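Sequential numbering from 1 along the given sequence is applied to the chain's residues. Model, not experiment: these values are computed from the prediction.
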Amino acid sequence: MKKVKPQQTTDLIKSHYFFEFLNIKQPHLIEESELEQALIEHLQQFIIELGNGFCFEARQKRLLMGDEYYFVDLVFYHRILKCHILVELKTEIAKHEHIGQLKSYLNYYKKNIQESNDNPPVGILLVTSQNKTLVEYAIADSDLDIFVSKYQLQLPDKAKLEAFINNELKNTK
């Protein structure tokens with residue numbers, strides 16, 4: 001099977017990610033730090049799920065803004081698109097403050113980390129659910145590439161999986 005090479009940022013982001021390889025028995029009880037640790041322990045499978053071109057760079061990347069430290073959950077460099085990918089993990093529905101947090105990190109990277117030959121950084125907020133209208137308004141004024149994607153820790157049953165695939169195929173046409 002030939003790997004598809006992403007040409008732009010929208011080519012590398014999925015609307016849904018499936019982390020069933022983590023084998024988490026009670027997904028509704030997981031904390032963000034536990035989810036992050038599990039993804040690091042299964043880094044190879046996680047990068048495969050993310051897609052072609054992702055290179056792991058850092059976990060809990062410390063950023064000094066003013067006199068306070070902030071921490072980006074996971075940082076990747078995309079070798080094909082030549083940009084940093086900042087991933088924030090949340091074990092809840094997407095909230096506007098999560099998007100604001102990610103915007104701050106992306107702006108910091110753009111000003112302080114991005115090299116002259118890099119493309120602007122991309123942010124991925126991974127959440128359990130999202131209000132698409134809220135997300136649309138929260139990122140509407142941004143010149144940054146911010147994506148909010150849903151993740152599931154277990155594959156849905158066959159009927160739900162078929163419905164999901166059919167819906168995704170319909171949305172890509």
Side-chain angles (χ1 to χ4, degrees), residues 1-19 21-22 32-33 35-91 94-128 130 132 134-152 168 171-173:
M1 183 165 111
K2 185 179 179 189
K3 290 187 178 183
V4 177
K5 201 174 190 182
Q7 302 299 313
Q8 53 192 16
T9 54
T10 54
D11 294 340
L12 69 94
I13 309 300
K14 299 177 190 176
S15 65
H16 286 72
Y17 292 90
F18 295 98
F19 303 149
F21 55 83
L22 299 177
E32 285 177 27
S33 59
L35 176 59
E36 181 182 316
Q37 180 63 36
L39 289 171
I40 292 298
E41 289 172 2
H42 296 86
L43 191 57
Q44 180 178 354
Q45 292 98 324
F46 181 44
I47 288 177
I48 289 170
E49 178 63 17
L50 288 173
N52 190 22
F54 283 83
C55 301
F56 180 68
E57 190 171 293
R59 171 187 187 190
Q60 289 298 308
K61 174 71 173 174
R62 185 172 64 170
L63 310 178
L64 180 61
M65 293 188 216
D67 59 353
E68 287 186 64
Y69 286 106
Y70 297 88
F71 299 88
V72 182
D73 290 337
L74 301 169
V75 178
F76 295 87
Y77 190 81
H78 201 278
R79 65 180 179 76
I80 299 166
L81 297 177
K82 308 246 183 281
C83 66
H84 284 95
I85 310 287
L86 309 183
V87 177
E88 276 299 301
L89 302 168
K90 301 298 176 192
T91 56
K95 295 180 181 173
H96 57 33
E97 54 264 29
H98 300 150
I99 295 168
Q101 175 187 18
L102 190 52
K103 279 182 180 179
S104 297
Y105 297 165
L106 289 169
N107 281 317
Y108 179 92
Y109 255 75
K110 195 172 180 181
K111 182 177 180 184
N112 299 296
I113 307 291
Q114 178 179 319
E115 298 288 333
S116 61
N117 59 341
D118 283 344
N119 289 310
V122 174
I124 304 174
L125 178 62
L126 290 175
V127 296
T128 58
Q130 65 175 293
K132 289 186 186 265
L134 171 73
V135 169
E136 177 186 335
Y137 289 130
I139 64 174
D141 66 342
S142 183
D143 64 338
L144 303 166
D145 279 332
I146 299 174
F147 299 90
V148 178
S149 297
K150 183 178 175 181
Y151 70 85
Q152 289 181 256
E168 287 294 303
N171 289 334
T172 59
K173 291 181 181 178

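Residue pairs meeting the side chain to side chain donor-acceptor pair (under 3.5 Å) criterion with at least one partner in residues 117-128, sequence neighbours excluded, are Tyr77-Asp118. Evaluation of the salt bridge (Lys or Arg N to Asp or Glu O under 4.0 Å) test over residues 48-62, restricted to residues two or more places apart or in two chains, returns Lys14-Glu49, Glu36-Arg59. Residue pairs meeting the salt bridge (Lys or Arg N to Asp or Glu O under 4.0 Å) criterion with at least one partner in residues 105-117, sequence neighbours excluded, are Lys110-Asp143.
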Note to self: Let's go through Val122 and His78 carefully: what are the C-alpha distance in whole Å and the side-chain angles of both, what is the deciding distance for side-chain contact (heavy atoms from CB on, under 4.5 Å) to 0.1 Å, and is it a yes or a no?
What the structure shows: CA-CA 10 Å; Val122 174; His78 201 278; over 6 Å; no
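Considering all non-hydrogen atoms of both residues, Cys83 and Pro120 come closest at CB-O, 3.4 Å. In terms of heavy-atom proximity, Met65 sits nearest to Ser104 at CE-O, 4.0 Å. Scanning both residues, Gly123 and Leu106, for their nearest heavy atoms gives N-CD2, 3.5 Å.
Below 30°, between 30° and 60°, or above 60°: for Phe21 and His42 the angle between ring planes is between 30° and 60°, a tilted geometry.
A 6.0 Å sphere centred on CD of Gln44 holds no more than 12 heavy atoms belonging to other residues, nucleotides or ligands.
Partners of Lys150 according to the side chain to side chain donor-acceptor pair (under 3.5 Å) rule, which considers only residues two or more places apart in sequence or in another chain, do not exist here. With sequence neighbours left out, Glu88 forms a side-chain contact (heavy atoms from CB on, under 4.5 Å) with Val72, Asp73, Lys90, Gln101, Leu102, Tyr105, Leu125. Not a single side chain to side chain donor-acceptor pair (under 3.5 Å) links Tyr137 to another residue, sequence neighbours left out. By the ring-ring contact (aromatic ring centres under 6.0 Å, His included) test, Phe71 pairs with no residue at all, sequence neighbours left out. Scanning for side chain to side chain donor-acceptor pair (under 3.5 Å) contacts around Glu136 gives an empty result, with sequence neighbours left out. Partners of Glu41 by salt bridge (charged side-chain N to carboxylate O under 4.0 Å, His left out), not counting sequence neighbours: none found. Every residue meeting the side-chain contact (heavy atoms from CB on, under 4.5 Å) condition with Ile139, not counting sequence neighbours, appears here in chain and number order: Ile99, Val135, Ile146. Scored by the side chain to side chain donor-acceptor pair (under 3.5 Å) test, Tyr109 finds no partners at all (sequence neighbours excluded). For the side-chain contact (heavy atoms from CB on, under 4.5 Å) test, residues two or more places apart in sequence or in another chain that qualify with Leu134 are His96, Asn131.
Of the inter-residue distances, the one linking Leu86 atom CG with Tyr108 atom OH reads 11.5 Å to the nearest 0.5 angstrom.
Checked options Tyr17, Phe54, Phe56, Phe19; the residue passing with Phe46 is Phe19 (criterion: ring-ring contact (aromatic ring centres under 6.0 Å, His included)). Screening Leu74, Ile124, Val127 against Leu89 for a side-chain contact (heavy atoms from CB on, under 4.5 Å) leaves a single residue, Leu74.
Under a 3.5 Å cut-off, the side chain of Lys103 and the backbone N or O of Ala138 do form a donor-acceptor pair.
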